[in-house]
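Heads up: the structure comes next, in structure tokens.
Please read all numbers here as calculations on a predicted model, not as lab measurements.
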Amino acid sequence: MKFFFSNRSYRQAFSLVLAISLLVAVVFLFFLPEQVPMQWGIDDQVNYYAPKYLAVLVIPVVAGILGGKGLANQNFAYLGYSLLSIVVTSGLFVFICVTY
């Protein structure tokens with residue numbers, strides 16, 4: 001992960017990751033349904049829905065927590081975890097956009 005951010009300070013790289021997460025969140029605001037399924041039961045039925053704005057808020061919050069955790073010790077691995085959380089959450093939201 002350090003290779004990708006090699007000529008940036010950790011604070012700049014962290015800001016870039018947060019900007020990416022906010023951009024992804026704004027894009028999904030236009031495509032997700034008003035009620036986003038958040039939990040499926042064993043019978044393949046949705047057990048819990050969340051409002052669209054609350055569900056989209058997960059992306060920057062998780063990225064911020066993971067990236068901010070590495071801010072204290074300048075650990076670039078946490079930025080990798082932040083990017084991974086953005087990718088995984090985005091994949092889940094794409095699945096929801098396509099199926100609901």
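Shortest non-hydrogen contact noted between Ile96 and Pro37 is CD1-O, 3.5 Å. Residues Ala50 and Met38 share a closest heavy-atom pair of CB-CG, 3.4 Å. Residue Cys97 comes nearest to Leu32 through the heavy atom pair SG-CD2, 3.5 Å, listed as atom of the first residue, atom of the second, then distance.
Listed by first then second residue, pairs satisfying salt bridge (charged side-chain N to carboxylate O under 4.0 Å, His left out) with a partner in residues 10-36 read Glu34-Lys52, not counting sequence neighbours. Within the structure, no pair that satisfies the salt bridge (charged side-chain N to carboxylate O under 4.0 Å, His left out) test touches residues 60-83, not counting sequence neighbours.
Formation of a donor-acceptor pair under 3.5 Å by the Ser21 side chain with backbone atoms of Ala63 is not found in this model.
Neither Phe31 nor Leu54 shares a network with the other; the hydrophobic side chains, linked directly or stepwise wherever heavy atoms of I, L, V, M, F, W or Y lie under 4.5 Å apart, form separate groups for each. Linking ILVMFWY side-chain heavy atoms closer than 4.5 Å, directly or via other members, places Val88 and Val98 in two distinct hydrophobic clusters. Residues Tyr48 and Val36 share a hydrophobic cluster, clusters being chains of Ile/Leu/Val/Met/Phe/Trp/Tyr side chains in contact below 4.5 Å. Placement of Val27 and Leu57 in two distinct hydrophobic clusters is found when ILVMFWY residues are connected by side-chain heavy-atom separations under 4.5 Å, directly or transitively. Tracing side-chain contacts under 4.5 Å through hydrophobic residues (I, L, V, M, F, W, Y), one never reaches Val58 starting from Val61; they form parts of separate clusters.
Within a 6.0 Å sphere centred on CG of Asp43, other residues, nucleotides and ligands contribute more than 12 heavy atoms.
Annotation: the span from Tyr78 atom OH to Leu83 atom CG amounts to 15.0 Å, rounded to 0.5 Å. Distance check, rounded to the nearest 0.5 Å: CG of Leu23 to CD1 of Ile20 gives 8.0 Å. One distance of note links CG of Leu18 with OG of Ser82; it measures 7.5 Å at 0.5 Å rounding. Leu29 CG to Phe93 CZ: the interatomic distance, rounded to the nearest 0.5 Å, is 9.5 Å.
Taking Ser90 as the reference, Val24, Phe28, Ile86 meet the side-chain contact (heavy atoms from CB on, under 4.5 Å) condition, with sequence neighbours excluded.
By the 4.5 Å heavy-atom criterion applied to side chains, Thr89 and Val62 are not counted as neighbours.
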